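Single-structure report; data block below.
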Amino acid sequence: MGETSRDRIAERAARELRDGMVVNLGIGIPTKVADFIPAGVHVTFHAENGILGAGATPLSGEEDGFLCNAGGYPVTVVDGASYFDSAIAFAMIRRGCIDMTVLGALEVSERGDLANWIVPGKRAAGIGGAMELAQKARKVVVLMNHVNRDGESKVRKHCQLPLTARECVDLIITDMAVMEVTGQGLILREVMSPYSVEDVVRNTEADLIITEPIAYIGGEHLDPEKSNSGVDAAPS
Amino acid sequence: MGETSRDRIAERAARELRDGMVVNLGIGIPTKVADFIPAGVHVTFHAENGILGAGATPLSGEEDGFLCNAGGYPVTVVDGASYFDSAIAFAMIRRGCIDMTVLGALEVSERGDLANWIVPGKRAAGIGGAMELAQKARKVVVLMNHVNRDGESKVRKHCQLPLTARECVDLIITDMAVMEVTGQGLILREVMSPYSVEDVVRNTEADLIITEPIAYIGGEHLDPEKSNSGVDAAPS
Amino acid sequence: MTKIRTLDEALERITDGCTLMYGGFGGIGTPPTLIEGIFDKGVKDLTIIGNDTGFPWIGIGRLVTAGRVRKVVTSHIGSNPYAGQKMEEGSMEVVFYPQGTLAEKIRAGGVGLGGILVDVGVGTMLEEGKESVFISGHKYLVEPALTAEVAIVHASKADPFGNLVFDKSGRNFNPLVAMAGQFTIAEADEIVPIGQLDPESIVTPGIFVDMVIPGKGVNWEWVWEKPAATGSRSVPPAN
Amino acid sequence: MTKIRTLDEALERITDGCTLMYGGFGGIGTPPTLIEGIFDKGVKDLTIIGNDTGFPWIGIGRLVTAGRVRKVVTSHIGSNPYAGQKMEEGSMEVVFYPQGTLAEKIRAGGVGLGGILVDVGVGTMLEEGKESVFISGHKYLVEPALTAEVAIVHASKADPFGNLVFDKSGRNFNPLVAMAGQFTIAEADEIVPIGQLDPESIVTPGIFVDMVIPGKGVNWEWVWEKPAATGSRSVPPAN
């Protein structure tokens, strides 16, 4: 995935943020979501190592080795922040105090099953906090490529890989589309330029429910009438 | 039990304290043990509500309603003290960090079973921290009257009342005697004035192992040669 | 976005028949202004969960003494004879747990566990009716987590986000109870601006707290206070 | 009666084949002086328990990279590719738990519980081989408590009794690990006289700590530090 595509996905995820939310961002593209917080929206960032109220990345030279996020990179804290042990950090997650988490994924099923920690036979990095976040956060947003390196859809009817958690994902944002997991099924909400609805359907194994309006996101080469940044049609 | 007898029991229990011990004192006579700490012995007092390093009772007028022991009475703290929640207070107990506890009892068996929380059919005060302390403190010292109001021995072959914990008591100090629970059985170590060994045996349902030397404690009317305060023969 | 509200707003959350968890140990750390508010509102048929039933006129004891409690889940009622009396006459159900087990059951609820495994009470009548599991050949009782519809705690300081610190032994069950409420109300003796509490010293992060109300301070006499010095103790009438 | 000792005295406790629990999260909060001491002493065949395996040259990672670890019980090894390599080639056994479950398993050991009941991982392969219980119809996995022969933690300040405070996000697993050691060694960046730590702000009461040693501070470069500014990163040779 190119930098532009990564940024666009992160920016789109950031538009899910609501004022007052407590948010946990996973490592990787999800971390970039913090760079795109909409104006007027104030959220509180939670880190599994034991910070509530993590703030911006410090200026170069002002880093503190003992004030880092769960990925090990320096952060700052805002007024009202607190430090606590990791058991309490996960208490917050299991108790449903995290309004929204943004995670990466290997596969997501149309029912919202998430697989993001192990590929049998391959080297596993481990579980980390993904299971708790996926299972317990109020809203789970997944950011990933739409297809894997072999061109196979990562948006599945059923996950092939061992699950991280069942029926946990609320919104899938890929380089091709934004899809919402609902009781009715997986609804295609937005299409990323330069793709068409047909492109998305062709690259999606899961059954997609296609209802108007579908918003088209990004891309200078798109018809400006169709490219409204998706704001009006963003899922709530 | 008269005040003198209570004091004598508390004083005898205090002689079980060793320098550096962490100690939890139950409510009632056990609380008085703190008044008899031998010179040169420094112990750290633990309270279930969440204090490690409780100190002396404050002077009248200097009490702080928010600095009290588990019984609700004002204390002070010594240098090095800490406050914590009650879960951590009991973590200390369950983890075996309490070197010695001093508790009251309704009955104790010759194997060291303790009954001190409920008499079926009578009003129960509840369990409090007695089960954790009895089961987990490294040394459990019980202070009680030797016989109940009906003149029946409270030192039993088997407890009749529901147990607080099994095989937990190490030392029993009553108004009549000091007895040690050992793998061999219950050993009579000391006799309190004005009682004789025969008095103790007659008032004890449990089998008592009687081996020399037996110390005789207290009582001006006792033969001074026999009254050596029990220090030399104190169980270790 | 402040969580600071009035006593009246807090009391809207505490209604007849609800399950109320409370901080405090012998009344120390039980929120006095909320207790008085609940008493004055006339809330009844409560199921309460906390370490003890206070003293007759102190802490939660006031509600127990006044007959507002249908059931109590606790470790000790000895300091409140009215609790024992109501238990005996059958007007109040009492469930006892060892104090440390109760603390961990409340914490388990607060941290989102299903329960804990504990060996305290094994070999006693506390085993009765309880599921057990063996780990490495050692027997443990299964103790389910406890939560409550509303939790009330007493903090010495709070900020508008709900970050809390406590006062010495007034901490006791409060940080555990604060996490275990489906709706947690903190009464604070002092409310300070956001950013004023040291992030290292905050005991309860504000995320666990839903509402903060200003406290009026302790309005009862402690057991150790001399009536001569502070006036006679008043036990509220049972109603 | 001080618990302050030297690094050498601490290292006598950490021997080949022992089970070692460590604080730290991505190396932040793992005691650097103790890690260097263990490395220099040549301790091997360790079973280690902690959140992650650090980075190749940071925290516990240094021991992992050097092949001193036979087994690791952890939640994540992704930041140390040598750990993945050793897992793949079979020279190091790896047991994974969800991070929050691992934290509570360690805490359970630290507070003397037999274990916890957790529903995280229900419906996944983590159920395999695990006992479960149902509470109110909801399925929970039985997760036994974890303890270790020796626990090592990194505090910012300690007093001679072993009371500890930590440094911001350096707290992480340290207070849990401190309780879970059969013998707990705290490395402190600063040792202060008894009575100097605020009793309200002490995070780990000294009763859980058996030994305190003075730390020499972090002796590795953080991942975010620019090699140009601080010299090139050195990965210790495997031995």
Side-chain angles (χ1 to χ4, degrees), chain C residues 29 97-122 130-147 155-157 164-172 174-176 179 197-205, chain D residues 29 97-122 130-147 155-157 164-172 174-176 179 197-205:
Chain C
Y97 290 104
Q99 209 159 50
T101 298
L102 181 67
E104 286 291 335
K105 282 167 73 78
I106 291 171
R107 181 187 178 279
V111 303
L113 297 175
I116 53 162
L117 305 176
V118 64
D119 65 358
V120 171
V122 168
K130 285 183 185 160
E131 200 172 345
S132 61
V133 299
F134 284 82
I135 293 177
S136 305
H138 192 76
K139 186 175 187 175
Y140 293 93
L141 305 180
V142 171
E143 285 289 1
L146 291 170
T147 58
S156 58
K157 290 184 187 178
L164 308 179
V165 295
F166 303 94
D167 189 0
K168 304 183 217 53
S169 65
R171 188 182 307 192
N172 56 69
N174 276 308
L176 314 169
M179 295 191 290
L197 295 175
D198 175 7
E200 295 277 16
S201 301
I202 288 168
V203 175
T204 294
Chain D
Y97 290 104
Q99 208 158 51
T101 297
L102 181 67
E104 286 291 334
K105 283 167 73 79
I106 291 171
R107 181 187 177 278
V111 302
L113 297 175
I116 54 162
L117 305 177
V118 63
D119 66 357
V120 170
V122 168
K130 285 184 186 159
E131 200 172 343
S132 60
V133 297
F134 284 81
I135 294 178
S136 305
H138 192 75
K139 186 176 187 175
Y140 293 93
L141 305 179
V142 171
E143 284 289 359
L146 291 170
T147 58
S156 58
K157 290 184 186 179
L164 308 179
V165 296
F166 303 95
D167 189 1
K168 303 182 215 60
S169 65
R171 186 181 309 192
N172 56 68
N174 276 307
L176 314 169
M179 296 192 289
L197 296 175
D198 175 8
E200 295 278 15
S201 302
I202 288 168
V203 176
T204 294

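Naming: A, B, ... by sequence-line order, numbering from 1 per chain. Fair warning: this is a prediction, and the values are worked out from it, not measured in the lab.
The most heavy-atom pairs under 4.5 Å with chain D, out of C:G115, C:S201, C:G100, come from C:G115. Each of C:L113, C:V165, C:L117 has some count of heavy-atom pairs under 4.5 Å with chain D, and the biggest count is that of C:L117.
A donor-acceptor pair under 3.5 Å is formed between the side chain of C:K105 and the backbone N or O of C:P144. Checking side-chain atoms of D:N174 against main-chain N and O of D:F166 turns up no donor-acceptor pair under 3.5 Å.
Looking at D:D198, neither its backbone nor its side chain comes within 4.5 Å of chain C, counting heavy atoms on both sides. Contact of C:E131 with chain D is made through the side chain alone, with heavy-atom distances under 4.5 Å.
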side-chain contact (heavy atoms from CB on, under 4.5 Å) between C:E104 and C:V118, worked out: CA-CA 9 Å; C:E104 286 291 335; C:V118 64; over 6 Å; no

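Looking only at side-chain heavy atoms (C-beta outward), D:I135 and C:V142 come within less than 4.5 Å of each other.
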